[in-house]
Each structure stands twice: as C-alpha cells, then as structure tokens.
Student: 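To start, I am sharing the structure in question, which I have written as structure tokens.
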Amino acid sequence: MAAHPVDEKLPALKMATSGLQHVAAMYAGVVAPPLIVGAAVGLSATDLTFLTGACLFTAGLATFLQTLGFWKIGARLPFVNGVTFAGVAPMTAIVASAKDKSDALPMIFGAVIVAGLLGFIAAPFFSKAIRFFPPVVTGSVITLIGVSLLPVAFGWAQGPNPAAHDYGSTTNLTLAGITLLIVLLLRRFTRGFVKQIAVLLGLILGTLIAIPFGATDFSPVAHAHVVGFPTPFHFGAPTFHIAAILSMLVVMVVSMTESTADMLALGEIVERPSDEKTIAAGLRADTLGSALSPLFNGFMCSAFAQNIGLVAMTRIRSRFVVAVGGGFLVLMGLCPMAASLIAVVPRPVLGGAGVVLFGSVAASGIQTLVRAGLEKDNNVLIVAVSLAVGIIPITAPGFYHAFPETAKIVLDSGISTGCVAAVLLNLVFNHLGKGNEAEDVTHPMEAGQELTPAH
C-alpha cells in the first residue's frame, strides 16, 4: 500500500529545495520578534545576532517535534514552527517594566517556560474543542488566516522600514510586482519540479533583479560569523515573575487557538483531516517546543500559518520536506553566515511572493466554505459576522485602543477573535434550540465526508 502523501519521502534534491522554500517563506516572521525585542532591550549588534540565531535554532527544533514527533507529541503534518508574533507586544511590555533592562530577557524566558509547561498539560483538554469546528467554522477561520496574512505581504512589498524615505516607492512596488509575475509565469508555463519550486525561484530571480536597483544588501553576509552555537542561558538564568507569567499565559492561549485553526486548515489541504488526537499531539509539540526554547535563548513557538499557503500552492504535502526545512533552520542557528544568506532577499521581493502564498490560504478557506451549507441562513450569518469581527484589526487597527493591554493581545489577533466568534455563533445557531442540524454540527472526520483537495 502506497504511503499517504504526508508520509512520502521525496528525492533528496526535491526535499532540499522544497524545504528551503519553506524557510524562505517564514524567515522574516521568525527573525522579526527577536529583532524587535532585542532592540527594546538595547542589545549590542553581536548579542542581537546571537538572539536571532537562537530563535532560528529553536524554530528548527520545534519543527522537528511537530513534523517527526515522538510518543504522543507532534501532529506529524507538514507544519513549520517558529517564534509567534503574538508574544511581541507583551514581551516588549515586560522589557518596559524591568528596572534593569538586563533582567528583561531572563524574565521573559522564565514566563515562557511556565506558560509552555502549563500549555503542555492543558493540550489534551484544549483539543476536545474539535467538535465545535465544523466546515462553517473552519472555512471562516482558514479564510481569515489568509486575509490576515495578506497585509504582511503588502507591508513587505513597500520595504523593510516604514520610516525610510523609499518606503512604498515605485522601485519597491515594482520589484514586488516583478517577483509576483515571475512566480505566476513559472506556475503557468512550467511543469513538474520547476513548477513546484516556483516561489523559491521567484525569490532568487527577484533578488538578482533587485541588485541593479540597490535594494539587495550583502552586508549581513560580510559581517556574519561562520559558526555560533546558542549557548544555554546566554543572557542569564530564567527568573519567574507573576505578572510576566500571566501575560505569557494569555499569549499561550492565543497561540493554541491559532494552532488549532492552523492544524484544521492544513489537515484539509493535505487530505488528512485533523482529529482530536492529532490536535492534542500538535499542541503538545507547540507547548513543549515553547518550554524548551528559552533554554537556548529562544521565545514562544507556534505553527506558522504562512507555510500553509506554500503547501496549498505547491501540493507538496510531505512532512519530511518540512522536517528538512527544520534542519536548515537548525543549521542557520549554528551558522550565522548561512542565516544571513536568506536575509539578503529584499523585503519587496518577499512581499511579491507572499501575495501568492497568503492568497492561497484564503482560497483554501473559500473552498471549505463551499461545502459548509451556505444555502442555510444560519451559516451565512456565522460566516458574515465571524469574518467581519476577524478583519477589524486589519481594517481598523486602533479599534480596541481603549481596552487593557492584556485584552488587546487577544483582540488584536483577527484570527483568534474571528475563530472565537465563529465557534460561539455556531453554538448559538446550530447547537442550541431548534437550530440543530446534523450536517452543521458534525465535523467532517465524524461524518466520514470525502474532503476535496485545495489547489
């Protein structure tokens, strides 16, 4: 019996290039949090490079846990794990609250360890929410994931620094457009392996085209060390403060909510729907990876939604491809010079490729909604309101400005608020009172429905 595409081991070259494509898609998301937090702490350039390398290293370890797994840990799906951006705001708040900035990172690391361990214990209970995620909910959430990520691509397309004079310049937008065009042309007029690595080729060609425009900066390579191991507790032993722990626990809940939605989305895309057991194992990998990350000076880890778009677009569903990507992340953490090669890719080039990747996620969500029974008024209302709630942080960023900072951690995540809204509305309209209908409340796994692959 042939192996499921998720468990398929591809030829070495295809594994390597496809794995590198995953790294390229999520690299900017991994390095952004340590750069922001490190700058808030006031780290030197050397320590900032060290912190960034540590986050790449721990992202690789967390990816191994998720893709390869052991015991009851790991969803064993093509999931890339890395530093969650949801933790940036509370971590910078912890830095601001520290009397001595040198104490901030140990405080953060201690809070992440506690949040990770408690999340690991809670994972099997959290996963029982699977029955409240029928297609009308999962479709709404998957669509929101894609829509929420698109502004990231648009931001990249404008340039790396909003304060720079060339931010949003015609040069930057042209580079993004050229990269997008290259990816589209490769997807349209090539076949086989070349077609599957269209995004990677688009990033390489876009970077080369950017050189005459002066948009490609090779200085990160020139100043990077060849070897650098993330020494445990480089910034000091973790310390434990109640306020910091509580704020990171909120982030953990947000992270687990988003990871659940991501696992449901990816499960449908790869035609191996995520059941309660899979979600529990995936959440254990997320939380254990988060608990171990601070030992090597990393932050809280979570599944990266942008890589779902890459799986949906390329149709390469092997978890071993993503495990190879995790290997590249580990090597980058151990070799800063290798990590700097990805940093050479101009942000506008990343933005052009990101439009395809993130748009593919939204398209997958729409495909799921097609079979969600939208001929029923109740389901239309669920989709309409949950999408509206989910795009508030995108269309009106200051909408929740009057709320406490802790509440804004959740409210400013459109994926989380949209997911909560969809679940609650589904409970009200399809589980309570006369609205009960079997096809609306049953998860596809329970109903034995054949899932249509997302392209």
Side-chain angles (χ1 to χ4, degrees), residues 29-62 81-122 223-225 228-256 286-302 332-334 336 339 403-410 412-413:
V30 172
V31 301
L35 290 175
I36 295 170
V37 175
V41 174
L43 296 182
S44 65
T46 302
D47 277 343
L48 194 57
T49 300
F50 181 92
L51 183 64
T52 304
C55 287
L56 288 168
F57 179 78
T58 54
L61 296 182
N81 272 44
V83 182
T84 174
F85 208 87
V88 171
M91 285 192 291
T92 53
I94 292 171
V95 173
S97 68
K99 294 180 180 179
D100 186 344
K101 298 302 181 195
S102 63
D103 295 332
L105 286 176
M107 288 170 62
I108 291 171
F109 293 148
V112 171
I113 290 173
V114 174
L117 293 175
L118 291 177
F120 185 86
I121 295 170
H223 294 97
H225 296 290
F229 184 78
T231 311
F233 303 130
H234 176 80
F235 297 101
T239 58
F240 304 94
H241 299 263
I242 296 297
I245 291 171
L246 289 175
S247 65
M248 296 313 293
L249 280 173
V250 173
V251 176
M252 178 56 72
V253 172
V254 172
S255 175
M256 292 174 75
D286 272 3
T287 53
L288 180 60
S290 295
L292 294 176
S293 184
L295 303 181
F296 299 98
N297 313 283
F299 299 138
M300 187 178 291
C301 294
S302 180
M332 288 178 177
L334 297 175
F403 284 74
E405 290 299 321
T406 304
K408 285 197 288 184
I409 295 172
V410 179
D412 284 341
S413 169

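The residues of the chain are indexed from 1 along the displayed sequence. Owing to the predicted nature of the structure, the values given are computational and were not obtained by experimental measurement.
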Student: Tell me the closest heavy-atom pair linking A291 and I113, and the distance in Å.
Tutor: O-CG1, 3.6 Å

Student: For S293, which residues count as a side chain to side chain donor-acceptor pair (under 3.5 Å) partner, sequence neighbours excluded?
Tutor: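 Partners of S293 by the side chain to side chain donor-acceptor pair (under 3.5 Å) criterion, ordered by chain and then number, come out as T58.
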
Student: Between CG of L51 and CG of L56, what distance do you get to the nearest 0.5 Å?
Tutor: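 With rounding to 0.5 Å, CG (L51) is 10.0 Å from CG (L56).
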
Student: Roughly how far apart are M248 CE and I94 CD1, rounded to 0.5 Å?
Tutor: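 Taking CE in M248 and CD1 in I94, the distance rounds to 6.0 Å.
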
Student: Just list the side-chain donor-acceptor pairs under 3.5 Å for residues 101-111, sequence neighbours left out, or say none.
Tutor:
| unit_1 | atom_1 | unit_2 | atom_2 | d |
| --- | --- | --- | --- | --- |
| K101 | NZ | V95 | O | 3.0 |
| S102 | OG | D100 | OD1 | 2.9 |
| S102 | OG | D100 | OD2 | 3.1 |

Student: For residues L295 and P232, determine if any side-chain heavy atom of one lies less than 4.5 Å from a side-chain heavy atom of the other.
Tutor: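 No; the side chains remain at least 4.5 Å from each other.
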
Student: Between atom OG of S290 and atom CG of L118, what is the distance when rounded to the nearest 0.5 Å?
Tutor: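 With rounding to 0.5 Å, OG (S290) is 12.0 Å from CG (L118).
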
Student: For F235, enumerate each residue passing the ring pair (Phe, Tyr, Trp, His ring centres under 6.0 Å) test, keeping only those at least two apart in sequence or located in another chain.
Tutor: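 Ring pair (Phe, Tyr, Trp, His ring centres under 6.0 Å) list for F235, sorted by chain: F50.
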
Student: Who passes side-chain contact (heavy atoms from CB on, under 4.5 Å) against A54, sequence neighbours left out?
Tutor: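 By the side-chain contact (heavy atoms from CB on, under 4.5 Å) rule, A54 matches P230, N297.
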
Student: I need the minimum non-hydrogen distance between G289 and A62, along with the two atoms involved.
Tutor: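 For G289 versus A62, the nearest heavy atoms are CA-CB, 4.5 Å.
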
Student: Can you see which heavy atom on G119 is nearest to which on M256, and at what distance?
Tutor: O-CE, 3.8 Å

Student: Between V112 and F299, what is the shortest heavy-atom contact and its length?
Tutor: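 Answer, listing the atom of V112 first, then F299: CG1-C, 4.3 Å.
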
Student: Nearest 0.5 Å please: distance from the OG1 atom of T287 over to the CE atom of M252.
Tutor: 6.0 Å

